[in-house]
Novice: 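One structure is given below, represented as structure tokens, and several questions about it will come after.
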Amino acid sequence: MQIVQLDEKIYKNQPFTVKYRTKGYYDIRRSGTTFSLEYVPFGEEKELSFDDKLLSDWLDHPIALGAFEGEAMLGFVEGFHEKWNNRFRISNIHILEGNRGRGTGSALMQAILAAARESGARMAVLETQTCNERAIAFYRKMGFEIIGFDLYAYTNQDPERHEVRLEMGLKL
């Protein structure tokens, strides 16, 4: 496997679909002015998905890295230095189906974290959803911790949908 920087001229605004399976979610429960996080199984595994674009216009001077075996892309990661708060935001990491569980995600994450350190950022941050239990486990394995959440980032029904935005971070 080889990790290479992706050419923005070729990959900018390339659409992709992320699909993942989950058996449960992390429920954020409010009690007065405090919150707790508790894992709740769905009962049966669900497949969820969302659409996005690589190197979207909202990213400020992004870097995108791809993992390849020969000409075949296995996955990619992208991020950018948020200079206003000196954090490096990892905006996407995606391993194409059929390539998961082979170390591709770890290699891409290590490469983007190296870029984050080189940028001088004080911390790497990313977002995921409370229902993406495998992503949460992967990010924890890579050293990230939960640093916050937004109960209504996507819709006014996020808690009922069990899809609350989690912010995770890693001090560099």
Side-chain angles (χ1 to χ4, degrees), residues 1 3-8 10-28 39-42 44-60 62-69 71-80 82 88-113 115-116 124-155 157-170:
M1 174 178 27
I3 307 289
V4 299
Q5 186 164 346
L6 300 179
D7 185 340
E8 190 171 350
I10 296 170
Y11 290 96
K12 185 169 181 58
N13 290 316
Q14 285 280 346
F16 64 93
T17 299
V18 174
K19 293 180 184 179
Y20 63 94
R21 297 185 145 315
T22 182
K23 294 180 181 179
Y25 64 98
Y26 290 90
D27 190 26
I28 298 177
Y39 181 78
V40 177
F42 280 129
E44 62 182 52
E45 188 173 65
K46 292 184 176 191
E47 182 175 279
L48 300 172
S49 67
F50 63 90
D51 295 320
D52 205 346
K53 292 181 181 177
L54 190 58
L55 296 165
S56 295
D57 290 333
W58 69 272
L59 301 174
D60 188 18
I63 180 174
L65 306 171
F68 289 85
E69 278 185 354
E71 297 294 314
M73 181 187 278
L74 308 176
F76 58 84
V77 63
E78 67 178 3
F80 65 100
E82 294 178 326
F88 192 94
R89 179 156 300 273
I90 299 169
S91 49
N92 275 306
I93 182 166
H94 178 56
I95 310 307
L96 283 80
E97 290 186 55
N99 297 300
R100 296 177 183 160
R102 298 176 42 204
T104 306
S106 295
L108 285 167
M109 184 62 80
Q110 289 168 359
I112 200 77
L113 289 174
V125 295
L126 53 81
E127 81 173 75
T128 190
Q129 296 72 39
T130 52
C131 57
N132 197 341
E133 62 182 331
R134 290 181 181 159
I136 294 167
F138 170 71
Y139 299 141
R140 283 183 166 159
K141 181 182 102 175
M142 297 303 297
F144 286 78
E145 61 184 343
I146 295 170
I147 59 172
F149 61 90
D150 184 338
L151 291 173
Y152 302 102
Y154 310 117
T155 73
Q157 293 76 40
D158 292 351
E160 294 82 9
R161 293 174 51 231
H162 313 302
E163 196 167 337
V164 171
R165 176 182 171 151
L166 279 183
E167 285 284 322
M168 299 186 75
L170 173 68

Novice: Identify the two heavy atoms, one from M109 and one from L126, that lie closest to each other, and give their separation to 0.1 Å.
Specialist: CE-CD2, 4.1 Å

Novice: Closest approach of K23 and Y39, non-hydrogen atoms and distance?
Specialist: C-OH, 3.5 Å

Novice: Check the orientation of Y25 and F42. Use parallel for under 30°, tilted for 30 to 60°, and perpendicular for over 60°.
Specialist: tilted

Novice: To check you understand the geometry: which heavy-atom pair defines the closest contact between D60 and F80, and what is its length?
Specialist: O-CB, 3.3 Å

Novice: Got a second to check how far M168's CE is from E127's CD, nearest 0.5 Å?
Specialist: 12.0 Å

Novice: Kindly give the heavy-atom pair with the smallest separation between M1 and G103, and that separation in Å.
Specialist: CE-O, 4.1 Å

Novice: Would I93 and I112 count as a side chain to side chain contact (heavy atoms under 4.5 Å, CB included) here? Give the steps.
Specialist: CA-CA 10 Å; I93 182 166; I112 200 77; over 6 Å; no

Novice: Okay, side chain of S56, backbone of W58: is any donor-acceptor separation there less than 3.5 Å?
Specialist: no

Novice: Please name the pair of heavy atoms, one in A107 and one in I3, separated by the smallest distance, quoted to 0.1 Å.
Specialist: CB-CD1, 4.2 Å

Novice: Output the distance between atom CG (L65) and atom CD (Q110), rounded to the nearest 0.5 Å.
Specialist: 12.5 Å

Novice: Measuring from atom NE2 of H162 to atom CD1 of I28, what distance do you get when rounded to the nearest 0.5 angstrom?
Specialist: 12.5 Å

Novice: If you round to the nearest 0.5 Å, how far is CZ of F149 from OG1 of T130?
Specialist: 10.5 Å

Novice: List the steps, then state whether side chain to side chain contact (heavy atoms under 4.5 Å, CB included) holds for L48 with N132.
Specialist: CA-CA 9 Å; L48 300 172; N132 197 341; over 6 Å; no

Novice: Determine whether Y20 and Q129 make a side-chain contact, defined as any pair of heavy atoms from C-beta on separated by less than 4.5 Å.
Specialist: yes

Novice: Using a 3.5 Å distance criterion without hydrogens, assess whether the side chain of T22 forms a donor-acceptor pair with backbone atoms of C131.
Specialist: yes

Novice: Does the side chain to side chain contact (heavy atoms under 4.5 Å, CB included) test come out yes or no for L6 and F68, once each step is laid out?
Specialist: CA-CA 11 Å; L6 300 179; F68 289 85; 3.8 Å; yes

Novice: Would you name the heavy atoms of R161 and Y154 that are closest together and state the gap between them?
Specialist: NH1-CB, 4.5 Å

Novice: Just how far is it from atom CZ of F88 to atom CG of L113, taken to the nearest 0.5 Å?
Specialist: 8.5 Å

Novice: What salt bridge (Lys or Arg N to Asp or Glu O under 4.0 Å) pairs are there with at least one residue in residues 89-103, not counting sequence neighbours?
Specialist: E69-R102, E82-R89, R89-E167

Novice: What do the steps show when you test I136 against T128 for side chain to side chain contact (heavy atoms under 4.5 Å, CB included), and what is the final call?
Specialist: CA-CA 7 Å; I136 294 167; T128 190; 3.7 Å; yes

Novice: Measure the spacing between CE of M73 and CG of N99 and express it to the nearest 0.5 Å.
Specialist: 11.0 Å

Novice: Give the table of side-chain donor-acceptor pairs shorter than 3.5 Å for residues 10-17, with sequence neighbours excluded, one pair per line with atom names and distance.
Specialist:
from : atom 1 : to  : atom 2 : distance (Å)
K12  : NZ     : L55 : O      : 3.2
K12  : NZ     : D57 : OD1    : 2.8
Q14  : NE2    : I10 : O      : 3.3
T17  : OG1    : D51 : OD1    : 2.6

